[in-house]
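Have a look at the structure below before the remarks.
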Amino acid sequence: MRTVKLTPETRKEILTNLLKRSTFQYGSYMDTVNQILADIREKGDEALFAYTEKFDHVKLTPETVRVSPEEVEEACGQVDPEFLRVLRRAAENIRSYHQHQVRNSWITTREDGVMLGQRITPLESVGLYVPGGKAAYPSSVLMNLIPAQVAGVKRLIMVTPPGKDGKVNPQVLAAAREGGVTEIYKIGGAQAIGALAYGTQSIPKVNKITGPGNIYVALAKRAVFGYVGLDSIAGPSEILVLADETANPRYVAADLLSQAEHDELASAILVTTSAELAGQVSQEVDSFLQTLSRREIIEKSLENFGYILLADNIDDAVDAVNAIASEHLEIVTRDPYQTMTRIQNAGAIFLGPYSSEPLGDYFAGPNHVLPTNGTAKFFSPLGVDDFIKKSSLISYSREALREISQDIQTFARAEQLTAHANSIAVRFEEEE
């Protein structure tokens, strides 16, 4: 891996380079996505099935687009029982973690007859997008599905692209069954996002779409925002390791590569104050590459978006970490808990040498759908809050309203909204 001296100039250059992976940099794809969405909105199933045949090489009909119970059972029979056992344990951990996020409605009252509060209600329907293509992601099924269930969403609809044999990956269907999803459709790409956003003859319109996907899926989600709610616009995966001289270079190298293998646009960065560690990690990376199955993808990722940043001190290192705002952040320092208190921006934070990133991907419980491309500065991991909505509650007695009626009218007239002022005044006109 290339080693770069961390300075204000190099930090700026790296941030600029990382932003090249943003969906805003792929405008050339947008015309294609807009055409797909327009066709889905106008022609419904006809366009949906045509695009599925074009891109996935599968012919669908209204009778075959939905995964049948028999197909689910067949798929689960093909899955290793040991994997099913692990899947169930992971689901338990994910459910337990997200149950701590549940919010409750609340009301406060005052003696003068004022009642204020907030009502929490789950969304009625959510579309869960599960990517296919380069790899299958049963973990994404659990990470999207379980917080929605904990929130109380009434209708969960899963979409995922089929293989060329017209079937959905067995492990993905096994995860769906373990999670209790029964409404699953064999569609993917921008056309699936359009179907969920607008509805077709076979696919119901939903209130919100969650789940990661490729650039076409990400751009389609951006385009349909407003017709439906969204979790976020996910970008390529990222890992940043903040380490000092106490870190194990072999562990650090392995963790960097765990994210670089996702795709060529993935980013793997080490920020360290130790030149010795930097050199050792680079050597370990080269050694691991000789044996890893996705070597070609990893090498492209590291060539484009992989860095070892050598900082003069921990203050500069922490500043760089907060500026990059990585999706995954591992802190492997002498006192990772103290270092963690200085971190402002990160999607998920892993503390210590035995808290490697795949722990969060699969098993620990916190969600692995995380903000990318610097959006950890203002976005959070997917969670129960993404599947609820809040309504304000307001109730005033006549006496309480009279007490503040002139204040409201003064405010309304300052904005030249006389009808607003009148709405208050008419309730007390007999008293004038």
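For the numbers below, each heavy atom of this structure counts, side chains included, while hydrogens, waters and symmetry mates do not. Please read these numbers as outputs of a predicted model, since none were measured by experiment.
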Crowding at [atom1], [X] (>12 non-hydrogen neighbours, <6.0 Å):
| X | atom1 | value |
| --- | --- | --- |
| Phe83 | CZ | yes |
| Tyr354 | OH | no |
| Phe363 | CZ | yes |
| Arg89 | CZ | no |
| Lys164 | NZ | no |
| Glu296 | CD | no |

For Glu13, enumerate each residue passing the salt bridge (Lys or Arg N to Asp or Glu O under 4.0 Å) test, keeping only those at least two apart in sequence or located in another chain.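 Checked Glu13 against salt bridge (Lys or Arg N to Asp or Glu O under 4.0 Å); zero matches.
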[Y] and [X] side chains, donor-acceptor separation under 3.5 Å:
| X | Y | answer |
| --- | --- | --- |
| Asp39 | Gln35 | yes |
| Glu327 | Ser237 | yes |
| Gln99 | Arg95 | no |

Gap separating the CD1 atom of Ile239 from the CD atom of Glu330, nearest 0.5 angstrom: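 These two atoms lie 4.0 Å from each other.
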Can you list every ring-ring contact (aromatic ring centres under 6.0 Å, His included) pair that touches residues 32-66, not counting sequence neighbours?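 For residues 32-66: Tyr51-Phe55.
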With respect to His98, which candidate in Leu382, Val384, Asn93 satisfies the side chain to side chain contact (heavy atoms under 4.5 Å, CB included) definition?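 For His98, the side chain to side chain contact (heavy atoms under 4.5 Å, CB included) check succeeds only for Val384.
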Using the ring of each side chain (for Trp, its six-membered ring), is Tyr227 parallel, tilted or perpendicular to Tyr198, with breaks at 30° and 60°?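 Tyr227 vs Tyr198 ring planes: perpendicular.
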Is the shortest heavy-atom distance from the side chain of Asn373 to the side chain of Leu18 under 4.5 Å?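 Side chain of Asn373 against side chain of Leu18, heavy atoms only: no contact under 4.5 Å found.
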